[in-house]
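Values below: every heavy atom of this structure, side chains too, minus hydrogens, waters and symmetry copies.
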Amino acid sequence: MKWKEFLIAALLMLQFGSIYASGSMNVSENDSTLAPKITGVNDFVWLTDWNYASLDRMSMLVNTGDYGFYGPQPMFMLDSIPFEPSFFGVAYSQFFPVPHFQTHQKELISGHGVINGIRYQSGIMRLRSEPLKDGFSVFASGQYGHNSGEPGPWVFDPERVSPNVERFGPWINGGVSLKFGNWYAKGLLKFQEYKHVDEFVQLRMLNSRRSPTDPAEWLGVDTRSVLTLAETGFEGSMISIKLQAYQAESEDFLFFQPFAREIPSELTMNQYSASTDLKLHRRLGIRGLYQLREQGLGYRLNRFDHNFDWQKETHNMHGSVYFSGERFSAEAGAALENRSVQAPGLSDYDLDIMSLFLDQQVQVIPQIALSANAQVSFLDDERAIQIGGNLLLKPTSFWGMDLGASYSELLPEVANPLDHQVRNGYYIFQHLEIPFQLPEQIKNTRKISLSTSQRFFSAHTFSLGFNAEWMHHISMNIPFQAALYDLEYSTIPGNYSLLSEISGQRLQAGAELQFVPLRNMIHQADVTITRTLSGGAEYEAYWKMIPEVLVQYAIEYTPFYDVYLALNLQYRSEATWSEFSNLDGELNRTFHVQYPFRFFEFSDTTPSHFKIDLKMGKWFWGNRLRGELLLKNLLNTNYQTHPLGVRERFGYMARVEMRF
Amino acid sequence: MIRHFFLILIISAAVAQDLYSQDAFSEVRVTLTGNKLMTGNTLLRSWDPNAGLGVELSTPYYVGNLEAGYRYLRFNEIDFEGSAFDSHYLFFGWSYSYRASDEVALVYGVRFGKQFMLHDEDMFYDDYRFSREESEFSYELQIRLEYEISRNVELYLGTAYNRTIFNIPFAAFYGTAGLTFKFPSSRWFRTVMK
């Protein structure tokens, strides 16, 4: 795809749109006819300055800009209830308690703060599910897809035969909901299956899934996850109550960074939540949340009997009082987290983290507002403080600006939980035979940042924003695994160390644009540029894992009330993962059972790429039935976000959905 | 090739400038076709296709037409024993009709679908078995002439460029001739399609 062609295409799209502006087409503003925002893991961070790396396009490492892929991961929240899809820093989209396509809105915030009485410390991904319809509703959805490049008839030609390609699916979702007045109840079933066939991952996975008792028995590389959720609630003007329970399990693989490859694992998650929002007065209320969360990493049959044998139980209690006035609003509260972990070598790993928080905003005059938040966490005799403030200015009706400053500390139990547990006796590194070095004491992660943003807007048709943030990491603890090359497994673990008290400075700047030329067409663009300004070699190497330039552009077009088209374009610059430098240039091959052998070359650098995705969908039967087709990576380039992860080429995903 | 296809797709939509609102889903058009693969790439050195049959459904949309269909061809083996296969192409698509006169329309469109290839036998390499069932995403650009013979019957003559994105892509030009039978759509059909 040449730039000139792209430009012509973009202009033609604009022209096409303008035709309808003067036409007499029946255009509906019904939200449900718009394209679903989320189809795959990349959509969760699409059009933001966050980015992700995925080995299998189901799980992901998230960089919020604050601490990189191996730093503290963001909090996840759906409809004001937090959930935890992550195991040792890897977030599994299968464990999001909402089908991808029913994610109605997303809001990604970096840094720390408080939202609806819930404090977050290293970013938050806030999702909203589709609003429930009144009365009784039911839906079912099936999804399937695969990459291009099947061998076709050439399987019969020994000179031209090639391996079968990766398939994803079926993904099956079903749900039921009731909504009468202020009361609602809903249930969800989410099933996802996936087969790891991509040559970059299959060798490691298949070799580890050999039977421990019969070397000739290969146990397969499928992953299967099931999630069930039940929720009920009452949302009145004075009181809101929610009760939610969800359970998820997955026969899966966990890419364990200290081990530099996947470990077959049984992932489990049970979460029970109760939340309430009670208004005592028109402007005064209290909020409360209690959560019990049980996470487990269990044994999945594998050649080495590798087993995390890890169980974590977390009790979370949040309580706050809020005041919401015309010019002043504030929320103050406390949170208690009891976290206990049971694993080989750990005894009495039972932590009580107490936190106090305050969040407030003052509208000084219509053009000036001040906001500030503060959190302090206590664990035994340790303490961590997070404070931040923003000056919000609106000099004119079309121009707004924001100046911010923050200081953040994170306890090692929060920022580096695995290392902390190993430090306290968890025997996993010895069990996996990983040579390792940990510092005598893991200190708090500390960061200062200064930020500014400018936003220009015009009614609902146009907005343009610029932002910049300077970060000074006073002290970070960076996990580093010097992975070694191995023909049979791609990698074997080298020396693992926690690089402690690493410091440096970063700059992140960007721009975002939204243009709505027509009611049925939205153009959006986001540009993010990052640079490491100073820091030692380890700091610089760590941040090279993050692409320096990310450009994303999207057009969403609804020509008629029942049809939508969405076009996403992305440029992402290369990124280098220094912990895989021993693999750079080494040859590897496809799994030896699979025919024919294919050799390919590892690189510690994911290449820059330009990618185009096209999504189209049509509703039938008065919005009861929907067919959707996603064509991914139309240019058929090698799109890779992790040096050991899948290379996504052209592929498709088809989905059928029914709802009544 | 995909980049060209993508460009053509957008241009096709944009060129449809004299758009007008029409009575969507007002009729159903059923076309029975005979298909002949006229030329193609290297795959045809090892497999020889017979003429095939197909059926297509089309209905007017607010702009252009929505389509779905099926095409069958048998590919006989030339080189590899047991490799003959039945090709089943299932697709959906969109087309735009340019009406040259009351009787004649020039129609061009794009189709997306899946090509299913069912071989006569599995293929073995030592212990490794390739299933006789292979399938892959396939897209098609089509142009056709429609000539109205009577109020309810049309002659259909078209050609299509089809590309199936195997590891070694299979590209082919098909010639198609057929008869189209037009029916006013029923209320339930319009209800389902809207």
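Proximity to chain B (any heavy atom under 4.5 Å) is restricted, for A:Asn147, to the backbone atoms N, CA, C and O. Looking at B:Phe116, neither its backbone nor its side chain comes within 4.5 Å of chain A, counting heavy atoms on both sides. Contacts of B:Phe92 with chain A are made by side-chain atoms alone, with heavy-atom separations under 4.5 Å and no backbone atom involved. Residue B:Leu66 touches chain A through its side chain alone, counting heavy-atom pairs closer than 4.5 Å. Residue B:Ser87 does not touch chain A at all, counting heavy-atom pairs closer than 4.5 Å.
Side-chain atoms of A:Pro158 and B:Tyr125, non-hydrogen and from C-beta on, do get closer than 4.5 Å to each other. No side-chain heavy atom of A:Pro153 sits under 4.5 Å from any side-chain heavy atom of B:Glu134.
Between A:Phe560 and B:Tyr61, the distance from one ring center to the other falls under 6.0 angstrom.
Here the closest non-hydrogen pair linking A:Phe156 and B:Asp122 is CE2-O, 4.2 Å.
Here B:Asn167 contributes atom CG and A:Ser162 contributes atom OG; the two are 3.5 Å apart, rounded to the nearest 0.5 Å. Taking CG of A:Asp157 as the reference point, atom OG1 of B:Thr42 lies at 9.5 Å (rounded to 0.5 Å). Once rounded to the nearest 0.5 Å, the distance linking CD of A:Glu150 with CZ of B:Phe137 reads 14.0 Å.
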(request) Starting from the C-alpha separation in whole Å, work towards a yes-or-no answer on side chain to side chain contact (heavy atoms under 4.5 Å, CB included) for B:Phe112 and A:Tyr652. (result) CA-CA 10 Å; B:Phe112 302 101; A:Tyr652 79 91; over 6 Å; no

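For residues 68-81 of chain B, a heavy-atom distance under 4.5 Å to chain A picks out B:Phe80, B:Glu81, given by residue number. Residues of residues 173-194 of chain B lying under 4.5 angstrom from chain A, judged on non-hydrogen atoms, are B:Thr191, B:Val192, B:Met193, B:Lys194 by number.
The neighbour count for B:Tyr147 OH, taken as heavy atoms of other residues, nucleotides or ligands under 6.0 Å away, does not exceed 12.
If you tally non-hydrogen atom pairs under 4.5 Å between each of B:Pro169, B:Ser135, B:Ser46, B:Ser131 and chain A, the highest count goes to B:Ser135.
For the residue pair B:Tyr62 / A:Asp562, no side-chain donor-acceptor distance below 3.5 Å is found, with atom types taken as modelled.
The aromatic rings of A:Trp154 and B:Trp47 sit perpendicular, their planes meeting at an angle over 60°, well past the 30° parallel limit.
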